[in-house]
Amino acid sequence: MVLFKGQGTADLGKPWRYEEDGLTVTRGCAWSPPGCHPTGCGIKVYTNKEGQLVKIEGDENHPITNGRLCVRCLTIRDYVYHPDRIRYPMKRAREDRGKNRWERITWDEAYDIIVEKCNEAKEKWGADSILVIGGTGREGGPMLPAYAHSALGTPNDCYTQSGYSCYIPRVAGTTYVLGATYPEMDYAGAYELRYDEPTWQLPALIVYWGKIPTASNGDGLFGHAAIDMMRRGSKLMCIDPRVTWSCTRADWHLQLRPGTDAALGMAMLNVIISEELYDKDFVDRWTYGFEQLAERVGTMSVEQAAEICDLDPDDIREAARAYATLKPAQIAWGLAIDQKRNGMQAGHCILALEAITGNIDVPGGQLIGDVNDGLELGFGWNNLGPELQSKIVGIREYPAYVALVLAAQCDMVLDLLEEGDYFHVMMIEDTNLLAGTCAAQPHRWHDAFANVDFCFGVDVWLTPTIQSCCEVFLPLSTTVEHDTVVYSHYGASPIMAGAVNKCLEVGEGKGDCEIMYDLGCRLMPINYARFKDYYDFLEFYRLGYSQTFEEIRDEVVHQKIETLGYKKYETGHLRMDGKPGFNTPTGRIELYSTMFQQFGEDPLPYYIEPNYSPLNTPELMEQYPFVLTTGARTYCYFHSEGKQIPYLREMNPDPLIEINPEDALKYGIADGQWVKVNSPHGSGPFDGAIVLKAKVSQIVKPGVVHAQHGFWFPEKDSEEPVLYDVWRSNINDLIPHFMVGKLGFGADFKCMICSVEPINENYDTDMQEIWDRFGKLVIE
Amino acid sequence: MAYGLLIDYEFCTGCQSCEVACKEEHGIPVGQWGIRLLDDGPWKCSDGKYNWNKIPVPTRLCDLCEDRTSKGKQPFCVHHCLAGVMQYGTVEELAKELELKPNQVLFVPQPYHYG
């Protein structure tokens with residue numbers, strides 16, 4: 001189908017594989033690597049007779065992306081044939097950590113070493129002495145618990161970002177309150193006719209709350225679907241401390257102070273409830289605790305919230321009224337909500353807004369999965385047995401976190417790593433946490449890794465993280481080199497599953513699913529012996545035996561119309577017992593949350609200040625006069641990925657800090673000048689500070705700065721202590737460790753304070769050096 | 001017949017897929033572009049609203065992907081535009097499109113050489 005006027009149409013109707021001008025063209029859906037969320041964008045991969053990748057083009061047959069591609073897929077060829085890519089398994093001696101003394105080995109030898117080390121650890125210290133740490137987005141991201149529980153046989157998997165400040169706090173909150181995972185904005189993704197489908201409704205209002213979906217494609221949401229809908233007439237509201245491009249296309253922009261979202265949410269609820277703009281029928285029939293919620297949000301007056309959030313009270317009122325009256329309305333709430341010690345309460349407010357306005361599970365509102373959808377959680381857990389299960393770190397201290405996602409509480413894990421003699425074997429899968437991605441105080445993680453006897457890493461690149469600590473390197477294949485399945489929104493809402501099709505081979509890379517299968521067969525046959533081969537495993541793990549891989553390969557994209565349905569709370573599709581209602585203890589959306597209460601948390605939303613802020617730590621503001629927010633998404637990078645791809649690096653060569661022109665004048669900072677940035681927790685190489693390049697722009701308000709994350713410099717010396725200059729501009733070294741919320745979730749990555757001081761030195765990237773080093777592809 | 005690129009800059013999100021698609025298709029090194037995103041904003045107007053327009057501008061290297069369009073395909077930039085705001089066609093067709101919606105711009109690029 002054709003969605004817009006410039007869409008390609010030449011290859012509409014082509015099968016999954018065909019010939020064109022002497023080349024083989026394979027259609028498929030992209031996942032990773034390169035890093036990305038499971039959006040599964042449609043690609044056509046052109047290969048020649050020698051099996052070499054000639055080019056990548058967007059697949060116009062894909063019902064959601066229609067041929068469109070972002071720069072990260074457009075440069076796949078540069079990624080696949082990059083001269084620095086690691087193509088074979090390698091090992092080095094324990095004493096050679098940090099040094100380029102790697103030696104090529106076979107997969108069998110690599111697996112043998114890993115099996116021996118894991119078995120030794122299990123015997124000497126118990127299986128819980130094995131730690132698996134993983135990253136986000138890439139296919140290996142959501143596989144983190146399965147890698148640990150099902151394949152290595154340890155209960156201890158860990159997403160290292162203090163407070164698990166990414167997606168999971170949102171998912172936890174929605175699980176408690178709504179009884180379902182994150183309710184995604186509904187963009188008609190499962191319909192063949194897409195926006196023309198008659199049962200679907202165009203949202204009258206789209207709200208971005210702490211999110212830039214166009215750049216992030218967060219959790220597999222195709223962000224530009226919002227643009228499609230805006231071009232069809234949807235209005236936009238943005239709640240963001242920065243003036244992003246989207247904010248300039250919004251009818252409402254609430255430019256709040258970073259970290260104050262819960263206060264704003266409470267005030268909006270207050271307006272909607274006190275002005276009786278809510279959906280009374282839905283509230284009566286399907287929610288629990290409305291009166292208590294009304295009473296609680298009554299304590300947050302609009303004026304008080306305006307004061308806290310640094311907003312005009314009338315703007316809050318207008319936004320609340322618009323959200324309550326424009327129907328249907330959908331909210332895309334993002335990472336910013338997770339990155340605050342009481343972000344869960346902000347999330348609770350947003351969910352309450354969606355519920356009391358009747359926007360849950362209606363066409364064009366928030367889409368939730370049925371009882372059979374959901375994250376691939378739990379594989380291998382039961383077979384660990386109760387004794388090992390009880391040894392997952394944090395199960396007693398943070399049950400709301402650890403028992404829900406079956407992951408060790410990450411701040412506790414760092415403390416244990418630092419103490420030493422606890423974890424003896426560590427797997428690093430798909431994470432470059434040292435590069436300012438998903439860890440607070442990455443310096444401390446780096447130093448603590450020295451206490452682990454044996455580490456092995458899975459990646460495409462010799463990242464600073466792997467270079468610093470691993471004895472064995474397992475090379476990953478890219479998204480065009482392996483067969484697997486991608487599912488939008490981590491399977492949490494019914495949009496699509498797609499075939500990731502193998503088109504070529506480079507070196508000996510393997511995909512994450514295959515590596516997990518191989519390790520599982522060797523270490524945990526109790527979970528893996530029943531599969532006759534990799535494809536049998538894949539069909540179980542990713543497709544739940546609902547389809548064979550061959551079937552989905554032929555289909556390329558399988559839109560999940562069969563599980564799509566609205567108002568499933570009326571039909572019983574949300575509960576295991578098949579009764580109407582939501583999958584919560586009361587069967588209703590719990591505005592007053594019995595689960596929060598059970599975990600010792602306030603059952604109602606509340607506001608607290610960030611740990612460090614002008615209101616909470618006024619005494620520090622002279623030394624650290626700026627509110628610091630970090631980590632906004634760019635089109636060119638997926639966190640630390642893409643720095644060695646010349647066309648991507650060119651888009652954003654240096655790590656930037658955005659500062660308002662008024663502040664720049666006041667502090668004597670010129671646009672493009674390098675600055676020293678520090679915080680009360682700074683552990684960077686410049687007396688605690690790090691250096692960033694100033695971008696003087698009205699994108700931030702006076703008093704607020706935004707710093708980019710995820711920088712390392714692949715053109716620099718890879719050996720210790722340089723380690724690709726990973727510390728020079730590492731913003732996460734300014735973020736405190738273990739200052740998280742009551743349930744163990746949420747850390748203030750986006751609401752810290754800092755100082756900014758101009759310097760004379762120039763660290764500008766030499767793009768010619770990048771081109772000379774990385775522009776010549778190695779094609780085999 | 002003259003051909004051009006019509007760009008709806010009201011909804012161009014600045015993703016730069018056009019730039020990179022072009023570089024990939026034509027093998028253009030860093031520091032050079034066949035189409036380049038010009039970025040004007042954000043700056044605050046007197047009414048308190050911000051101006052921010054991102055406008056891809058074809059350069060003197062742009063040949064409108066002659067190889068592709070002769071086979072009935074879209075130029076590589078148009079094909080991949082994430083917001084779907086680019087159109088390729090004859091100036092006559094695109095001029096009509098211009099009348100349908102404001103905040104669009106029509107380019108009629110052709111590689112040029114002096115000296």
Side-chain angles (χ1 to χ4, degrees), chain A residues 3-11 21 41 55-58 60 65-78 212 214-215 222-224 226-228 230-231 242-249 253 635-636 645-651 653 661 697-699 767-768 770-771 774-775, chain B residues 5-8 10-25 27-33 37 39-45 48-54 67-69 71-89 93-94 97 100-101 103:
Chain A
L3 268 196
F4 47 89
K5 286 173 180 165
Q7 184 186 323
T9 53
D11 294 329
D21 297 338
C41 300
K55 76 166 182 174
I56 295 270
E57 183 172 315
E60 54 264 55
T65 56
N66 312 88
R68 299 175 276 186
L69 282 183
C70 88
V71 294
R72 304 190 296 265
C73 264
L74 283 165
T75 51
I76 279 180
R77 190 166 171 272
D78 306 323
I212 313 178
T214 43
F222 178 61
H224 275 78
I227 303 294
D228 295 346
M230 285 163 64
R231 295 178 81 194
R242 297 163 73 234
V243 185
T244 65
W245 174 86
S246 297
C247 298
T248 69
R249 298 302 188 267
H253 176 206
Y635 287 101
C636 51
I645 308 298
Y647 290 162
L648 301 184
R649 186 70 177 276
E650 184 177 34
M651 292 169 67
S697 168
Q698 294 180 36
I699 196 166
M767 276 311 299
Q768 193 58 46
I770 303 292
W771 185 243
F774 303 139
Chain B
L5 286 178
L6 180 75
I7 293 162
D8 180 348
E10 185 178 352
F11 290 106
C12 169
T13 58
C15 71
Q16 290 170 273
S17 278
C18 54
E19 282 187 8
V20 173
C22 177
K23 282 167 173 273
E24 287 287 343
E25 176 71 5
I28 297 173
V30 300
Q32 302 177 43
W33 292 264
L37 189 80
D39 192 12
D40 183 29
W43 44 265
K44 204 173 198 171
C45 307
K49 304 284 185 194
Y50 286 87
N51 179 84
W52 198 348
N53 290 320
K54 292 167 180 280
D67 283 353
R68 289 177 56 86
T69 51
K71 293 176 193 156
K73 298 182 176 186
Q74 298 285 356
F76 221 47
C77 57
V78 175
H79 186 100
H80 291 104
C81 172
L82 281 180
V85 295
M86 303 177 79
Q87 286 183 64
Y88 164 82
E93 290 162 357
L94 297 178
E97 290 285 332
L100 299 177
K101 185 190 170 299
N103 299 316

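In what follows, chains carry the letters A, B, and so on, assigned in the order in which the sequence lines appear, proteins first and then strands, with residues in each chain numbered from 1. Not measured: the values here are computed from a predicted model.
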With respect to chain A, which residue among B:Gln74, B:Glu24, B:Gln87, B:Gln16 yields the maximal number of heavy-atom pairs within a distance under 4.5 Å?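 Of B:Gln74, B:Glu24, B:Gln87, B:Gln16, B:Glu24 has the most heavy-atom pairs under 4.5 Å with chain A.
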Identify which of B:Pro29, B:Ala21, B:Cys18 forms the greatest number of heavy-atom pairs closer than 4.5 Å to chain A.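 Of the candidates given, the most pairs with chain A belong to B:Pro29.
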Sequence-distant partners of A:Glu650, side chain to side chain donor-acceptor pair (under 3.5 Å), two or more places apart: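 For A:Glu650 the side chain to side chain donor-acceptor pair (under 3.5 Å) partners, ignoring immediate neighbours, are B:Lys23.
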Apply side chain to side chain donor-acceptor pair (under 3.5 Å) to B:Asp8 and list each qualifying residue two or more places apart in sequence or on a separate chain.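 B:Asp8: side chain to side chain donor-acceptor pair (under 3.5 Å) contacts with B:Lys101.
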List the atom of B:Val78, the atom of A:Gly6, and the distance in Å for their closest heavy-atom pair.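 It is CG1-O, 3.3 Å.
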Minimum heavy-atom distance between B:Ile28 and A:Tyr647, given as atom pair plus value: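 Of all heavy-atom pairs spanning B:Ile28 and A:Tyr647, the closest is O-OH, 2.6 Å.
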Using a 4.5 Å cut-off on heavy atoms from C-beta on, say whether the side chain of [Y] contacts that of [X].
{"X": "A:Ile227", "Y": "B:Thr13", "value": "yes"}
{"X": "A:Lys55", "Y": "B:Glu25", "value": "yes"}
{"X": "B:Val20", "Y": "A:Met651", "value": "yes"}
{"X": "B:Cys15", "Y": "A:Val71", "value": "no"}

Report which part of B:Cys12 has an atom under 4.5 Å of a heavy atom belonging to chain A: side chain, backbone, both, or neither.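 The backbone, not the side chain.
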Is a side-chain N or O of A:Arg68 found less than 3.5 angstrom from the main chain of B:Ser17, in a donor-acceptor match?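 It does not hold such a pair.
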Working for side chain to side chain contact (heavy atoms under 4.5 Å, CB included), residues A:Arg249 and B:Glu10: CA-CA 8 Å; A:Arg249 298 302 188 267; B:Glu10 185 178 352; 4.2 Å; yes
Under the criterion side-chain hydrogen bond (donor to acceptor under 3.5 Å, both in side chains), which of B:Lys73, B:Arg68, B:His80 is the partner of A:Glu57?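 For A:Glu57, the side-chain hydrogen bond (donor to acceptor under 3.5 Å, both in side chains) test succeeds with only one of B:Lys73, B:Arg68, B:His80, which is B:Arg68.
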